[in-house]
Amino acid sequence: MPLIRVNHASPLTPDTVEQLISALTTAYAATTGSDPAALHVLIEQVPPQQWGVGGQSLAARSQKKA
């Protein structure tokens with residue numbers, strides 16, 4: 001059971017999530033020869049306050065840009 005796990009910090013619409021799951025499944029199955037029906041995709045949307053880059057959360061970094 002292959003598992004593709006995606007952590008994403010910005011909001012995704014339900015349609016975008018569906019498209020991402022489909023595209024990742026297709027690409028992985030085509031590249032590895034895996035059965036798409038056996039492939040699992042997990043998309044986790046992480047709040048920007050809980051995602052850090054360079055010692056700051058993405059929320060703090062975006063406030064500095066504004």
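Quick caveat: nothing in here was measured; it's all calculated off a predicted structure.
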Chemist: Mind checking the CE-CG spacing from Met1 to Asp35? Nearest 0.5 Å is all I need.
Modeler: 13.5 Å
Chemist: Drop me the distance from His40's NE2 to Leu24's CG, to the nearest 0.5 angstrom.
Modeler: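 These two atoms lie 14.5 Å from each other.
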Chemist: Indicate yes or no: at least one non-hydrogen side-chain atom of Gln50 is less than 4.5 angstrom from one of Pro47.
Modeler: yes
Chemist: Taking atom CD1 of Ile43 and atom CG of Leu20, what is their separation to the nearest 0.5 Å?
Modeler: 4.0 Å
Chemist: Looking only at heavy atoms, what is the nearest atom pair of Trp51 and Asn7, with distance?
Modeler: CH2-O, 3.4 Å
Chemist: What is the distance from atom CD of Gln56 to atom NZ of Lys64, rounded to the nearest 0.5 Å?
Modeler: 4.0 Å
Chemist: Test of understanding: with side chain to side chain donor-acceptor pair (under 3.5 Å), list the residues that count as partners of Thr32, not counting sequence neighbours.
Modeler: Ser34
Chemist: Side chains of Arg5 and Glu44, heavy atoms from C-beta outward: is any pair under 4.5 Å?
Modeler: yes
Chemist: To the nearest 0.5 Å, what is the distance between OG1 (Thr13) and CD (Glu18)?
Modeler: 9.5 Å
Chemist: Connecting only ILVMFWY residues whose side-chain heavy atoms lie within less than 4.5 Å of each other, what is the rest of Leu42's hydrophobic cluster?
Modeler: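 Taking Ile, Leu, Val, Met, Phe, Trp and Tyr as members, Leu42 shares its hydrophobic cluster with Leu3.
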Chemist: At their closest point, which heavy atom of Ile4 faces which heavy atom of Tyr28, and how far apart are they?
Modeler: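 Looks like CD1-CB, 3.7 Å.
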Chemist: My understanding is that only residues two or more places apart in sequence, or in another chain, count here; which of them pass side chain to side chain donor-acceptor pair (under 3.5 Å) with Thr26?
Modeler: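 With sequence neighbours excluded, Thr26 shows a side chain to side chain donor-acceptor pair (under 3.5 Å) to no residue whatsoever.
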Chemist: What I'd like to find out is whether the side chain of Gln45 reaches to under 4.5 Å of the side chain of Val17, using heavy atoms alone.
Modeler: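 In short, these two side chains touch, coming nearer than 4.5 Å.
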Chemist: Nearest heavy-atom pair of Ala38 and Pro2: which atoms, and what distance?
Modeler: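 Reported closest heavy-atom pair: O-CD, 3.6 Å.
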Chemist: I'd like to check Arg61 versus Val53 (side-chain heavy atoms, cut-off strictly below 4.5 Å). Are they in contact?
Modeler: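 Answer yes - side chains close enough.
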